[in-house]
Each structure stands twice: as C-alpha cells, then as structure tokens.
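All remarks here apply to the structure that follows.
For reference, positions follow the sequence shown, starting with 1.
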Amino acid sequence: GRPSPKGLKSQPALKESDRRIAAGPFVIKEDGLYKMWFKEQLPGGESHISHATSKDGRDWKKYKGNPVIEPGKDGEWDSDRVGPGKVLKVNEAYKIWFLGFNKDGIAAIGHATSKDGVHWEKYKGNPVLKASPEGWDSRAIVGLGVIYDEGIYKMWFAGKDLKEQAIGYATSKDGVRWEKYKNNPVMRPRSPDKWDSGGFVGAPHVLKKDGVYHMWYVSLRHDDVKTVRETGYAASKDGIHWERSENPVLTRGKSGEWDSKEAARNFVMFEDGVFKMWYKGSNGPVDAIGFATSKDGIVWEKYGKNPVLAP
C-alpha cells in the first residue's frame with residue numbers, strides 16, 4: 001500500500017461496504033416542519049435514500065418506513081446503489097433527481113416523483129442525464145444540484161474524465177429532458193497556488209437569492225491527504241461564469257472530531273435573515289450530517305452539538 005502521510009496513524013483501509021453513512025442532505029421547510037432526504041448506508045447493506053423530519057432543523061426523527069428510494073432490480077441502471085438526491089416541490093408534487101450506480105460502477109442521474117415525499121415513483125425513462133460519449137464528462141457523472149428558476153429546471157452536475165473532475169450546467173423545461181450547456185464545464189479545479197487545486201471540484205449546491213446564484217462545492221488541496229475534502233463558495237450572475245472565494249468557507253474539524261476528514265457536500269437554505277447549512281462530515285469510518293449557520297454564506301459557525309443526524 002501507499003506510505004501513510006506524515007503525522008497520520010496508519011489504519012487498515014475500510015471497505016466502502018463496511019462504512020456507516022448518512023450523507024448528501026437536502027432539506028425543504030413546509031408548514032413549520034423541516035423535511036430532509038439523505039443517502040444512508042449501514043455496514044454490509046446497500047446505499048439508499050432515507051427521509052427524516054425536524055421542527056428546528058437540529059433534532060431529527062427518521063421516517064419509520066425508510067428507505068424511501070431503493071436501488072433498482074438486477075440489470076437496471078441503478079441496481080447497485082442510489083443517492084444522494086435533490087428534492088424540489090413544484091405545483092404540489094415532490095420531484096427528486098438522484099444519483100444511481102449500476103453493478104459496473106457506472107453512475108448516472110435519475111428522476112422520480114411523489115405526492116407525499118415518501119412514496120416515490122421512478123421515471124420510466126431513467127436515467128435522465130448520463131456521461132457523454134467523449135469529453136470532460138465521459139467517465140462519470142457523480143454529483144448534482146437542481147433549482148427551479150423562471151420556469152426552467154437548472155442543474156449543476158459534476159463530471160469527470162481521466163484527468164480531472166469538473167462542474168457542468170444543464171437546463172430542462174420538464175425535469176426529464178435535459179440539455180447540457182455547450183461550453184461545459186463551467187468550473188474546473190484551479191492551479192496549484194489555489195486551495196481547490198486537488199484535481200476535482202464537485203457536489204455543487206446552488207441557491208438563487210436577490211438575482212445572484214450562490215454555489216457551495218467540494219474540493220481539496222493538491223498537497224493534502226487525498227481523503228480531506230472541504231467546502232468552497234462561488235457567486236455568479238448567470239449560473240455559468242463563477243467567481244470563487246480564495247479559501248474554503250467550511251473546513252474540516254480537528255483531529256479526532258467527527259468531521260476531521262471531510263466537511264462538504266452540503267445543502268443551504270436562506271431563512272429569517274440567516275443562511276442555514278446541513279453538511280456531510282466524516283472521520284473515515286462514519287459519515288454523519290452536521291449543521292452550521294452564516295450571515296453572509298461565507299463565514300460559517302458550526303452547531304455546538306454536531307452531528308445532528310447519524311447513520
């Protein structure tokens with residue numbers, strides 16, 4: 001195996017199937033209740049999408065009927081695992097776009113609809129977005145964010161080729177027929193003097209507020225241990241041309257803390273004058289979901305009793 005980086009104790013590599021995961025949160029607030037959909041996996045089990053509710057956004061109760069979306073049957077595009085997903089409520093219907101993997105590890109994005117947020121019907125024409133035959137997203141599509149804006153569904157998604165992982169943009173009138181932006185990608189990893197130079201940017205979450213698109217995305221430093229991922233911030237007037245912050249805006253916790261290896265893959269909403277974030281934190285063996293708040297979307301304060309939801 002690789003020599004372990006300085007200062008890190010060497011640990012046996014944990015198989016993905018042995019890890020405990022609650023990650024990729026997406027939250028809607030309705031009638032005074034926060035509703036979350038998240039990716040969940042227990043050791044030896046398959047990855048699926050679960051649901052939880054909360055009155056304050058910090059104390060969560062998991063839905064007793066979880067999981068709400070499971071992998072497809074053998075041979076289907078999402079037969080190996082599903083999640084995470086992004087949920088919107090449009091015209092009284094819940095709509096989700098979610099990541100699915102087949103048994104060969106090929107990832108694509110599927111769509112499902114629901115009347116209550118827990119009983120979902122997958123779109124028969126899935127997947128709705130997949131890797132291109134060639135070019136920047138020819139290897140895989142691996143993460144997404146969706147908004148409904150000015151009557152159009154807008155998606156930012158992570159795609160990769162053999163060299164790097166970048167973020168692209170796509171639009172749709174109905175949520176199932178998507179057109180990728182012709183000049184993709186809209187965001188790439190930066191040069192080695194910047195913090196997000198570690199070969200990938202991904203997991204974009206976008207919020208439109210006061211005519212500005214705000215994006216929080218995951219990346220890592222090129223000189224860092226390859227498992228450490230943090231959250232960057234970018235702003236745009238058109239969703240295509242982005243200006244990034246110089247440094248990560250949400251950083252990992254100290255050694256030994258629950259989010260010492262990752263603080264990223266988040267969902268952000270703006271409510272009562274405050275940006276509220278739910279994010280995935282990881283210490284290696286366990287991924288859980290934490291909470292943070294901010295006045296400007298850039299300077300964040302983590303909740304003192306994190307994590308708020310664990311697998």
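If you check the side chains of Lys154 and Tyr213, you find a donor sitting under 3.5 Å from an acceptor. Asp137 and Ser132 share a donor-acceptor pair across their side chains, judged by distance under 3.5 Å alone. When only modelled atom types and interatomic distance are considered, Ser172 and Asp174 share a side-chain donor-acceptor pair under 3.5 Å.
Leu129 and Tyr148 fall within a single hydrophobic cluster, where Ile, Leu, Val, Met, Phe, Trp and Tyr are joined by side-chain heavy atoms under 4.5 Å apart, directly or via other members. Cluster annotation: Ile152 and Val146 are assigned to distinct hydrophobic clusters (Ile/Leu/Val/Met/Phe/Trp/Tyr, side-chain heavy-atom contacts under 4.5 Å, transitive). No chain of hydrophobic side-chain contacts below 4.5 Å, direct or via other Ile, Leu, Val, Met, Phe, Trp or Tyr residues, connects Ile298 to Met215. Linking ILVMFWY side-chain heavy atoms closer than 4.5 Å, directly or via other members, places Val308 and Val286 in two distinct hydrophobic clusters.
Although no hydrogens or angles enter the test, the distance criterion places no donor-acceptor pair under 3.5 Å between the side chain of Arg265 and the main chain of Ala203. Checking side-chain atoms of Thr231 against main-chain N and O of Ala263 turns up a donor-acceptor pair under 3.5 Å. The backbone N or O of Phe200 sits less than 3.5 Å from a side-chain atom of Ser219, completing a donor-acceptor pair. Proximity of a side-chain donor or acceptor of Asp161 to a complementary backbone N or O of Glu164 within less than 3.5 Å is detected. A distance-only check finds a donor-acceptor pair linking the side chain of Asn66 to the backbone of His51 [under 3.5 Å]. Trp216 places a side-chain N or O within donor-acceptor distance of the main-chain N or O of Gly297, the cut-off being under 3.5 Å. Side-chain atoms of Asn306 come within 3.5 Å of backbone atoms of Phe291 as a donor-acceptor pair (strictly under, hydrogens ignored). With hydrogens and angles ignored, the 3.5 Å screen pairs no side-chain donor or acceptor of Asp104 with any backbone N or O of Ile106. Under a 3.5 Å cut-off, the side chain of Ser294 and the backbone N or O of Val299 do form a donor-acceptor pair. Side-chain atoms of Trp300 never come within 3.5 Å of backbone atoms of Phe275 as a donor-acceptor pair (strictly under, hydrogens ignored).
No side-chain heavy atom of Pro185 sits under 4.5 Å from any side-chain heavy atom of Ile167. At a threshold of 4.5 Å between non-hydrogen side-chain atoms, the residues Lys194 and Arg244 do not count as touching. Arg58 has its side chain out of reach of Lys305: every pair of non-hydrogen atoms, C-beta onward, lies at least 4.5 Å apart. Side-chain contact between Val201 and Arg188: absent, with no pair of heavy atoms (C-beta onward) separated by less than 4.5 Å. Between Tyr181 and Asn183, some side-chain heavy-atom pair lies under the 4.5 Å cut-off. Pro43 is listed as a side-chain neighbour of Arg20, based on a closest heavy-atom distance under 4.5 Å. The side-chain heavy atoms of Lys35 and Val87, taken from C-beta on, include no pair separated by under 4.5 Å. Looking at Trp156 and Ile147, their side chains come closer than 4.5 Å, going by heavy atoms from C-beta outward.
Counting all heavy atoms, side chain and backbone alike, Val82 lies closest to Ile49 at CG2-N, 4.2 Å. Between Ala107 and Phe101, the closest heavy-atom pair is CB-CE2, 3.3 Å. The minimum heavy-atom distance linking Ala235 with Val212 is given by the pair CB-CG1, 4.2 Å. Among all heavy-atom pairs drawn from Pro127 and Ala108, the shortest one is CB-CB, 3.6 Å. Minimum interatomic distance between Asn247 and Ser245 (heavy atoms only, all atoms of both residues): O-OG, 2.9 Å. Scanning both residues, Ile109 and Ile141, for their nearest heavy atoms gives CD1-CG2, 3.5 Å.
A salt bridge is defined here as a Lys NZ or Arg NE, NH1 or NH2 lying under 4.0 Å from an Asp or Glu carboxylate O, and Lys208 with Glu150 meets this definition. Between Lys103 and Asp80, at least one side-chain N (NZ, or NE/NH1/NH2) sits under 4.0 Å from a carboxylate O, which counts as a salt bridge. Look at Lys39 and Asp287 and you find no salt bridge, because none of the NZ, NE, NH1 or NH2 atoms lies under 4.0 Å from a carboxylate O.
By the 6.0 Å contact criterion, NZ on Lys89 is enclosed, its count of non-hydrogen atoms from other residues, nucleotides or ligands being greater than 12. More than 12 heavy atoms of other shown residues, nucleotides or ligands fall within 6.0 angstrom of atom NZ in Lys209. Heavy-atom neighbours of Lys302 NZ from other residues, nucleotides or ligands within 6.0 Å: above the threshold of 12. Atom CZ of Arg139 sits in a sparse spot, with 12 or fewer heavy atoms from other residues, nucleotides or ligands closer than 6.0 Å. Annotation for Lys130: atom NZ does not count as buried by contact number, only 12 or fewer foreign heavy atoms lying within 6.0 Å. By the neighbour-count criterion of 12 heavy atoms within 6.0 Å, atom CD of Glu179 is sparsely surrounded, having that number or fewer from other residues, nucleotides or ligands. Annotation for Lys61: atom NZ does not count as buried by contact number, only 12 or fewer foreign heavy atoms lying within 6.0 Å.
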Exercise for the section: Test side chain to side chain contact (heavy atoms under 4.5 Å, CB included) on Met269 and Tyr34 and set out the steps. Expected result: CA-CA 11 Å; Met269 75 165 58; Tyr34 293 92; 4.1 Å; yes
Handout entry: Verdict with supporting geometry, Asp59 and Ser54, side-chain hydrogen bond (donor to acceptor under 3.5 Å, both in side chains)
Key = CA-CA 6 Å; Asp59 183 23; Ser54 170; over 6 Å; no
Practice task
Might you work through the side chain to side chain contact (heavy atoms under 4.5 Å, CB included) test for Val27 and Trp60, ending with a clear yes or no?
Solution key: CA-CA 12 Å; Val27 180; Trp60 291 89; 4.2 Å; yes
Handout entry: Residue pair Trp195, Tyr233: steps toward the ring-ring contact (aromatic ring centres under 6.0 Å, His included) verdict
Key = CA-CA 12 Å; Trp195 80 273; Tyr233 167 81; over 10 Å; no
Exercise for the section: Could you give me the CA-CA distance, side-chain angles and deciding distance for Met277 and His205, then say whether side chain to side chain contact (heavy atoms under 4.5 Å, CB included) is met? Expected result: CA-CA 11 Å; Met277 174 191 285; His205 172 69; over 6 Å; no
Exercise for the section: Could you check Glu257 against Asn283 for side chain to side chain contact (heavy atoms under 4.5 Å, CB included), going step by step and ending with a plain yes or no? Expected result: CA-CA 7 Å; Glu257 291 185 353; Asn283 62 5; over 6 Å; no
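With Trp37 as the partner, the side-chain contact (heavy atoms from CB on, under 4.5 Å) test is satisfied by one option alone out of Phe98, Tyr63, Tyr94: Tyr94. A ring-ring contact (aromatic ring centres under 6.0 Å, His included) with Tyr279 is found for one member of Trp258, Phe38, Phe267 and no other, namely Trp258.
To the nearest 0.5 Å, atoms NE2 (His48) and CD1 (Ile21) are separated by 10.5 Å. For the atom pair Tyr217 OH and Met187 CE, the distance stands at 5.5 Å (nearest 0.5 Å). To the nearest 0.5 Å, atom CH2 of residue Trp120 and atom NZ of residue Lys115 are 13.0 Å apart.
Residues that satisfy the salt bridge (Lys or Arg N to Asp or Glu O under 4.0 Å) test with Glu134, not counting sequence neighbours, are absent from this structure.
Side-chain rings of Trp97 and Tyr153 approach one another, their centers coming within less than 6.0 Å. The aromatic ring centroids of Trp136 and Phe157 lie less than 6.0 Å from each other.
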Between side-chain atoms of residues 69-77 and protein atoms elsewhere (two or more places apart, or another chain), which donor-acceptor pairs fall under 3.5 Å?
from	atom 1	to	atom 2	distance (Å)
Glu76	OE1	Lys73	N	3.0

